[in-house]
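Here the structure is laid out as structure tokens; the discussion comes afterwards.
Nothing here was measured: the structure is a model prediction, and the numbers come from that model. Per chain, numbering begins at 1; letters A, B, ... match sequence-line order.
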Protein chains: 2
Amino acid sequence: MDMKFQPIGREAITELLRVHGITPTSQRVKIAGILFAERAHFCAEQVYARVNEDDAEVSKATVYNTLGLFVAKGLVRQVFVEPGKVFYDSNAHPHHHFYDTGSGELTDIDALGVALHELPPLPADTELDSVDVIVRIRQRQPKIRPA
Amino acid sequence: MDMKFQPIGREAITELLRVHGITPTSQRVKIAGILFAERAHFCAEQVYARVNEDDAEVSKATVYNTLGLFVAKGLVRQVFVEPGKVFYDSNAHPHHHFYDTGSGELTDIDALGVALHELPPLPADTELDSVDVIVRIRQRQPKIRPA
DNA sequence: GTTAGACTTAGAACAATTCTAAGTCTATAA
DNA sequence: TTATAGACTTAGAATTGTTCTAAGTCTAAC
Ligand SMILES: [Mn+2]
Ligand SMILES: [Mn+2]
Ligand SMILES: [Zn+2]
Ligand SMILES: [Zn+2]
């Protein structure tokens, strides 16, 4: 249940991709570099913006292809909290999230491990894939006096 | 934690809407009739199809407006399990879901009440909105023999 | 009956994502 | 080395789900 996070050097990224059976093309290394530079939650749009912020160009299609590939290979995890936008989570380990409905910010929740306890039995002939817990929070209102 | 569900007659729907501060137009009554005829998880598209399956016409805009209104008024709840499609849940009470990643089917999980237990404290100056638990499941594979 | 505001509508617009079809690169094998 | 097959990338078109717009219709209050 290691929730510590250390950023990864460029050399190590190449190796990480290889280990996961991913051919480390320049685009993929660049994208992985962004994802794993910090523990963060990016949408595809943000990755696309970051990866192209200097000069070099990586196409939108490649950003989506690569993110999809990373998900398939278990390097990265998708989080669904709102309609019409997927977040890519560079922490692929099982964990949960606070979601600030005002700001849209996602924050990791460490090793909860609780949700599973009192779950009803799974439907027949099914097996567990994952358990996602989203705790929606909002900025506390200043007390409202009745008029 | 009443998880029993009884369908509602047309007269009662009108009243239900009124009670929630919603003017019961014919379109709204019709849509509510679909939503509350059974405990189910519809996407907007399905509601649109159902509401227009006889002859009468309700526009797509009205379907979206109405679903949005029902959500705002707490009659109905949105569930996000996949990118690019919102489910509208006619069970607005707090509860959780199994999501079959193969078939896309959503199933209610009764009164779990557990996830809250060991939650870390909320971030400063925030208050709880809701806790969503999605248990992703998949059809069990027949045992795979190594080749 | 009038009228103001609420409601509905068709269709355009939009945002996120996927697809297409054509190039480019890369890994391996002559 | 070079040839080649397949993997990869690309621009832009297409698709999907949803929201917006602007114009009409209904309704409730006077
Ligand atoms: Mn984002
Ligand atoms: Mn649906
Ligand atoms: Zn996370
Ligand atoms: Zn439900």
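Nucleotide C:dT9 holds its P atom 9 Å from the CD atom of B:Glu57, rounded to whole Å. Across the protein-nucleic acid pair, B:Tyr48 atom OH and D:dT16 atom P stand 15 Å apart, rounded to whole Å. Atom CG in B:Leu67 sits about 15 Å away from atom C1' in C:dT8, given to the nearest Å. Distance CG (A:Leu17) to P (D:dA7): 18 Å, rounded to an integer number of Å. Here C:dC7 presents its C1' atom at 13 Å from CD1 of B:Ile22, a figure rounded to the nearest Å. B:Lys30 has its NZ atom 15 Å from the C1' atom of C:dT9, to the nearest Å. Summarising the geometry, the separation between CD on A:Glu82 and P on C:dA16 is reported as 11 Å, rounded to the nearest angstrom.
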Inset, instruction - Encode nucleotides 17-30 of chain D as B, S and - characters from 5' to 3', where the letter depends on protein heavy atoms closer than 4.0 Å: B to the base, S only to sugar-phosphate, - to neither. - result: SBBB----------
Inset, instruction - Report the C-alpha separation of A:Ile109 and A:Phe98 in whole Å, then their side-chain angles, then the decisive distance to 0.1 Å, and conclude whether the side chain to side chain contact (heavy atoms under 4.5 Å, CB included) test is met. - result: CA-CA 7 Å; A:Ile109 298 178; A:Phe98 286 122; 3.7 Å; yes
Legend entry - Trace of the side chain to side chain contact (heavy atoms under 4.5 Å, CB included) decision for A:Arg28 with A:Ile13: CA-CA 9 Å; A:Arg28 289 169 179 174; A:Ile13 284 177; over 6 Å; no
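Side-chain N or O atoms of A:Arg136 include one that pairs as donor or acceptor with a backbone N or O of A:Val81 at under 3.5 Å.
Residues A:Val29 and A:Val63 are members of one and the same hydrophobic cluster, defined by side-chain heavy-atom contacts under 4.5 angstrom among Ile, Leu, Val, Met, Phe, Trp and Tyr.
Comparing the local axis fitted to the first five base pairs of the helix from C:dG1-D:dC30 to C:dA30-D:dT1 with the one fitted to its last five gives a bend of 10°, rounded to 10°.
Taking every heavy atom of both residues into account, A:Ala124 and B:Gln139 meet most closely at O-NE2, 4.3 Å.
Among the nucleotides C:dT9, C:dC7, D:dT9, the one closest to any side-chain atom of B:Thr62 is C:dT9.
No option in B:Val71, B:Asn91, B:Asp132 other than B:Asp132 meets the side chain to side chain contact (heavy atoms under 4.5 Å, CB included) test with B:Arg77.
Ring orientation note: the planes of B:His95 and B:His41 are tilted relative to one another, at an angle of 30° to 60°.
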